[in-house]
Amino acid sequence: MKELFDKSLIKDFEKRPTLLLHSCCAPCSTSVLENVCKDFDVTVLYYNPNIFPESEFLKRQKEQERFCKEFMPEKNIKFVTLPYDEREFSQCVKGLENEPEGGKRCTECFMLRLEAGAKYAKEKGFDFFTTTLSVSPLKDAKRLNAIGTALGEKYGIAYLVSDFKKKDGYKRSCEISKEYNMYRQDFCGCKYSLAQRISDSDGFIFDLDGTLLDSMGFYENFSANIVSHFGKIPNPSIREEVRSMTVEIACSYLCKAYDLPTSPDLLFAYATEKVKELYEEKANLKDGVMEFLEWAKKKGIRMCIATASQKEEVILSLKRLKIYDMFEFVLTCPELGTTKREPLIYDECCKRMGLSKKSVTVFEDAHHTMKTAFESGYRVVGVKEETELRFMDEILKNCHIYVESLSHLIHRENL
């Protein structure tokens, strides 16, 4: 096939035929729409239950809808989406979790999405259906055409045989995406692909409390306990007041805000003693941490810690838990004179490891720290922390993947 699609299929139509175009994402639909809109009245179908997490699905959905409205408005490109249920994809590929990308798991995923397209096209009376997937250099057009043709025969709807990467289709898609300042994801979409991408990172930057250690319960009540210790009544919002502060800054703030009968220096000394006790005796590794660190170390992934806690206490804990030697260094907000409301600590970690942010994955448990790293261009893994569950909407907006345990990211290799 020399053309982008088999034009012999439409030569006998007296008027413009209708086409249901399944799209995996807005960037892949760009050059495809530029071409098919010349010959068809097009409706874009966004059905992709493989995309993970839901925040990524919604981000791509929004971008696809925007593009359909803004691109070639004279063509009146219509947009429809089907409900998101990642369980549909998980059930579809059950038993194929460890397949390499591009293998049997992907074939089943193609069939799932194209079958939804065939059903919808038949129900709504379209003349043809097809998909944007073949525009990608990583997608096999022959496999897609075989699946689409078989499904078309099954449901009684014509499949538009195509290979949209031809005639510089992919190159043109990149040009249009740039022109429209489009969000371009760097992985296919599914959790297995993302876990593989994470496992291919050159470096990991780990938060400590709540990510590696089960210490956030202590910090959740720490400020309120200090204020109560001095006979004052803490505000219900006290945790949020000091959330992004270092212990030293928080002590100064609490002394002033609650008129505590002590000095910031003395309060800091008291707080430091309590924190030291936490790290020396109480804090333990969260579930799956040791397994994940050992796996990453074996793969040769470089690792460091970026924390708002004091370095001396942190090192005590890491040595006690026998993971200190797994990290190249520990970098703290106090020594940089910053907080995690700014990306300085992540950028400095990259600098010290000699890595670019695109090759690094950041692991955080707090919604505000995820937001900092995410908006700064890092790949972000959100780690479940009970004290942060009330911020779940924000968390899912600001991480690429959210896991209950780091061990879920081990590619065996994979999920």
Side-chain angles (χ1 to χ4, degrees), residues 100-101 186-187 191-213 215 279 283 285-336 338 340 342-366 369-370 372-383 398-403 405-415:
E101 191 168 352
D186 62 355
F187 69 105
K191 56 189 176 183
Y192 309 107
S193 169
L194 182 53
Q196 177 65 66
R197 184 60 56 89
I198 289 170
S199 74
D200 289 340
S201 298
D202 293 324
F204 288 163
I205 300 174
F206 292 96
D207 170 56
L208 183 70
D209 299 295
T211 300
L212 299 180
L213 303 186
S215 49
Y279 290 119
L285 295 177
K286 295 185 75 170
D287 177 61
V289 168
M290 181 64 80
E291 182 184 7
F292 184 70
L293 293 178
E294 290 175 342
W295 169 81
K297 192 73 173 178
K298 186 176 180 180
K299 280 186 62 70
I301 298 173
R302 302 173 66 183
M303 297 184 285
C304 68
I305 289 176
T307 177
S309 299
Q310 295 288 334
K311 179 174 284 189
E312 182 181 348
E313 286 81 8
V314 168
I315 292 175
L316 284 173
S317 185
L318 297 177
K319 288 183 175 180
R320 174 175 62 85
L321 296 168
K322 303 186 187 313
I323 61 172
Y324 178 70
D325 292 335
M326 292 186 174
F327 304 98
E328 291 190 17
F329 57 86
V330 175
L331 191 59
T332 70
C333 288
E335 65 185 299
L336 293 177
T338 188
K340 285 190 175 180
E342 302 293 333
L344 175 61
I345 192 166
Y346 306 118
D347 295 344
E348 183 63 24
C349 284
C350 283
K351 181 179 177 181
R352 295 191 183 191
M353 288 192 290
L355 301 174
S356 68
K357 66 173 62 178
K358 289 185 178 180
S359 68
V360 168
T361 299
V362 173
F363 298 79
E364 288 281 359
D365 68 293
T369 56
M370 290 182 207
T372 299
F374 187 89
E375 292 183 347
S376 298
Y378 290 92
R379 185 179 295 112
V380 179
V381 172
V383 181
N398 293 296
C399 67
H400 292 88
I401 187 170
Y402 181 78
V403 295
S405 168
L406 288 178
S407 63
H408 292 174
L409 288 171
I410 295 175
H411 193 268
R412 322 191 212 275
E413 296 199 301
N414 207 25
L415 294 172

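Values below: all heavy atoms of this structure, side chains included; hydrogens, waters and symmetry mates excluded.
Looking at every heavy atom in both residues, T211 comes nearest to V289 through O-CG2, 3.9 Å. When all heavy atoms of K357 and Y378 are compared, the pair lying nearest together is CB-CE2, 3.3 Å. Minimum heavy-atom separation, A373 to V380: CB-CG2, 3.7 Å. Minimum heavy-atom separation, L406 to F292: O-CD1, 3.3 Å. The two residues C399 and G382 have their closest heavy-atom pair at CB-N, 3.8 Å. Contact between S199 and K299 at its shortest, heavy atoms only, is O-CE, 3.0 Å.
A donor-acceptor pair under 3.5 Å links the side-chain atoms of S201 to the main chain of I198, judged by distance alone. A donor-acceptor pair is defined here as one N or O able to donate and one able to accept, closer than 3.5 Å; such a pair exists between the side chain of K340 and the backbone of A306.
In this structure, the separation between NZ on K191 and CD1 on I401 is 8.5 Å, given to the nearest 0.5 Å.
The shortest distance between side-chain heavy atoms of F204 and V381 does not fall below 4.5 Å. Looking only at side-chain heavy atoms (C-beta outward), D207 and V383 stay at 4.5 Å or farther from each other. Residues F329 and M353 form a side-chain contact, since some pair of their non-hydrogen atoms from C-beta on lies under 4.5 Å apart. Using a 4.5 Å heavy-atom cutoff, the side chains of F327 and L293 are in contact. Side-chain contact between L321 and L212 is absent, with no heavy atoms from C-beta onward closer than 4.5 Å.
Using a 3.5 Å distance cut-off with no hydrogens or angles, the side chains of D347 and S376 do not pair a donor with an acceptor. A donor atom on one side chain and an acceptor atom on the other are not found under 3.5 Å apart for T372 and Y346.
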| query | Would W295 and L409 satisfy side-chain contact (heavy atoms from CB on, under 4.5 Å), going step by step from the backbone distance to the final call? | reply | CA-CA 10 Å; W295 169 81; L409 288 171; 5.8 Å; no
| said: Quick one, S215 with L208, criterion side-chain contact (heavy atoms from CB on, under 4.5 Å). Give me CA distance, side-chain angles, the key distance, then yes/no. | reply: CA-CA 9 Å; S215 49; L208 183 70; 5.8 Å; no
| Derivation of the side-chain contact (heavy atoms from CB on, under 4.5 Å) call for L213 and L285 | CA-CA 5 Å; L213 303 186; L285 295 177; 3.8 Å; yes
| said: The test is side-chain contact (heavy atoms from CB on, under 4.5 Å); show your working for I305 and L318 and say whether it passes. | reply: CA-CA 10 Å; I305 289 176; L318 297 177; 3.6 Å; yes
| task | I would like to know whether D365 and K286 meet salt bridge (charged side-chain N to carboxylate O under 4.0 Å, His left out); could you show each step before the answer? | result | CA-CA 12 Å; D365 68 293; K286 295 185 75 170; 6.0 Å; no
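For the side chain to side chain contact (heavy atoms under 4.5 Å, CB included) with R302, the qualifying choice from L355, V360, D202 is L355, the only one to do so.
Below 30°, between 30° and 60°, or above 60°: for F374 and H400 the angle between ring planes is between 30° and 60°, a tilted geometry.
A salt bridge between R352 and E328 is absent, with no side-chain N of the basic residue lying under 4.0 Å from a carboxylate O of the acidic one.
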